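Every chain is numbered from 1 and lettered A, B, ... according to where its sequence line falls, protein lines coming before strand lines. Since we're looking at a predicted model, the values are computed, not measured.
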There are 2 protein chains.
Amino acid sequence: MAGTEKRGSLIRAADSLFHRNGFEHTSIADIAAAARVPLGNVYYYFKTRGELVRSVTDHRLASVRARRAEWDALASPRDRLLAYVKSFENRIDEFTAHGCPAGGLCLEANKVGGPIARDAASVFRESLQWLGTQFRAMGLSDRQARANAAQILSGRQGSVLLANTFKDPKFIRLEIARLKKWLGDMPAGNERK
Amino acid sequence: MAGTEKRGSLIRAADSLFHRNGFEHTSIADIAAAARVPLGNVYYYFKTRGELVRSVTDHRLASVRARRAEWDALASPRDRLLAYVKSFENRIDEFTAHGCPAGGLCLEANKVGGPIARDAASVFRESLQWLGTQFRAMGLSDRQARANAAQILSGRQGSVLLANTFKDPKFIRLEIARLKKWLGDMPAGNERK
DNA sequence: GTCTATAGGCAGATAGAC
DNA sequence: GTCTATCTGCCTATAGAC
């Protein structure tokens with residue numbers, strides 16, 4: 001296993017453990033064990049715990065950006081939004097079992113504060129921007145587009161929290177059904193691009 | 001300060017610290033200091049940390065039950081729901097600053113697991129039941145009543161998470177405006193009691 | 001670059017004087 | 001009932017052999 005690969009597997013192990021067990025509740029020793037790297041070696045790749053955490057948030061940010069880049073290739077804003085909903089749907093079981101990685105990190109970060117809080121928020125910030133862009137492209141006013149974006153993200157986070165709390169996917173399914181109906185009902189007119 | 005009063009002030013201090021800093025990030029020493037009780041004395045009132053946590057969740061459950069008991073005295077289900085919305089509105093600043101105590105506890109509990117997860121969920125469970133009861137009293141089917149209850153709680157939790165993450169109350173205000181409009185638009189017909 | 005051993009600090013919990 | 005002193009264990013981080 002090459003040096004860079006080890007670094008990558010540490011980040012992936014941390015990412016997974018943060019998602020499953022929370023960021024505060026995960027120790028460097030847990031991460032090292034999951035990645036099968038001796039404890040002390042972790043500090044060769046990351047000077048501090050904070051640096052590892054930062055690398056995980058960077059990794060997550062990059063992966064949501066990549067997903068959005070795929071959606072951006074679609075023809076209409078409605079198609080792009082439907083792709084967003086579809087990808088939500090694909091992760092129902094994961095979200096029911098462990099919650100939303102971004103939402104969980106935001107909540108933990110809001111409690112502890114510090115630089116991590118800013119990094120965690122950036123996933124949400126970019127999501128809101130992207131969603132808003134789609135609604136503006138459908139001809140909505142800036143104000144309405146922002147409101148819709150907030151409603152979608154907020155509904156998503158809330159439904160995931162309920163599903164995770166009760167270990168019951170129906171809360172997410174309800175939200176997705178509402179979303180699909182809503183997008184289907186929206187007037188298609190005034191679309192640009 | 002009498003013995004029972006000391007116990008009470010420990011619970012209140014823990015309640016507040018759990019809300020502000022999270023339950024995992026709060027040590028017994030923090031709680032003892034906030035309540036101005038020497039560290040060792042805490043263990044006279046609570047055998048373990050878990051027992052203290054349990055007492056805090058009991059205390060919170062009792063306080064939301066008391067609030068609902070007041071709303072139940074109101075004449076119509078619509079009035080009761082509006083009282084629920086009003087109490088949400090009254091706490092906008094608190095929720096923006098520190099998030100929802102129940103939501104935060106649920107999320108942390110979902111990560112660590114154990115008995116705390118069940119206790120945390122009971123606040124949500126009772127909220128869903130109460131909300132559902134109001135919608136049934138307005139004449140909605142059981143299915144619709146449950147769906148509406150889930151949507152309200154989920155929208156609430158999601159909007160609070162966004163407001164807390166961005167330290168911006170507008171996300172909660174948007175949700176409340178939507179809620180008020182929705183309740184205003186709902187047909188009043190078929191109400192019983 | 002890799003790994004073992006361990007330092008140093010803080011957490012939960014207990015012993016025992018008062 | 002109250003409080004100080006302290007035990008034990010886990011965590012982050014480092015020293016230093018290989």
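A:Lys47 has no side-chain polar atom (N or O) that falls below the 4.0 Å cut-off from OP1 or OP2 of D:dT12. When the side-chain nitrogen and oxygen atoms of A:Tyr45 are compared with OP1 and OP2 of C:dT2, one or more of them lie within a distance under 4.0 Å. Phosphate contact (OP1/OP2 of D:dA13, side-chain N/O of A:Tyr43, threshold under 4.0 Å): present.
Counting to the nearest Å, the P atom of C:dT2 and the CD atom of A:Glu5 are 12 Å from each other. Going from atom CZ of A:Arg7 over to atom C1' of C:dG1 covers 15 Å, rounded to whole Å. For B:Phe46 and C:dT14, the CZ to C1' distance is 18 Å, given to the nearest whole Å. Atom CZ of B:Arg36 and atom P of D:dC3 are 13 Å apart (whole Å). If you measure from atom CD of B:Glu24 to atom P of C:dC10, you get 19 Å, rounded to the nearest angstrom. Whole-Å rounding puts the B:Leu52 CG to C:dA13 P distance at 10 Å. The separation between A:Glu51 atom CD and D:dT14 atom C1' is 15 Å, rounded to whole Å. A:Leu39 places its CG atom 10 Å from the P atom of C:dT4, with the value rounded to the nearest Å.
Of the candidate nucleotides C:dT4, D:dT2, D:dT12, D:dT12 has the atom nearest to the side chain of A:Arg49. The side chain of A:Asn41 approaches C:dC3 more closely than any other nucleotide in the set D:dA13, C:dC3, D:dC3. Minimum atom distance to the side chain of A:Tyr44 is reached by C:dG1, of the listed D:dA13, C:dG1, D:dC3. Comparing D:dC3, C:dA13, D:dT12 by their closest approach to the side chain of A:Ser27 singles out D:dT12.
Contact check on A:Glu108 versus A:Lys111 returns no salt bridge, with no Lys/Arg side-chain nitrogen under 4.0 Å from an Asp/Glu carboxylate oxygen.
Cation-pi geometry between A:Arg156 and A:Phe88 is satisfied (NZ or CZ under 6.0 Å from the ring centre, within 45° of the ring normal).
In the displayed structure, B:Arg67 atom CZ is contacted under 6.0 Å by more than 12 heavy atoms of other residues, nucleotides or ligands.
With hydrogens and angles disregarded, no donor-acceptor distance shorter than 3.5 Å links the side chain of A:Arg54 to the backbone of A:Ile116.
Along DNA chain D, the nucleotide nearest A:His25 and the nucleotide nearest A:Gly40 are compared for position; the residue whose nucleotide lies closer to the 5' end is A:His25.
Taking the six-membered ring for Trp and thresholds of 30 and 60 degrees, B:Phe23 and B:Phe18 have ring planes more than 60 degrees apart, a perpendicular arrangement.
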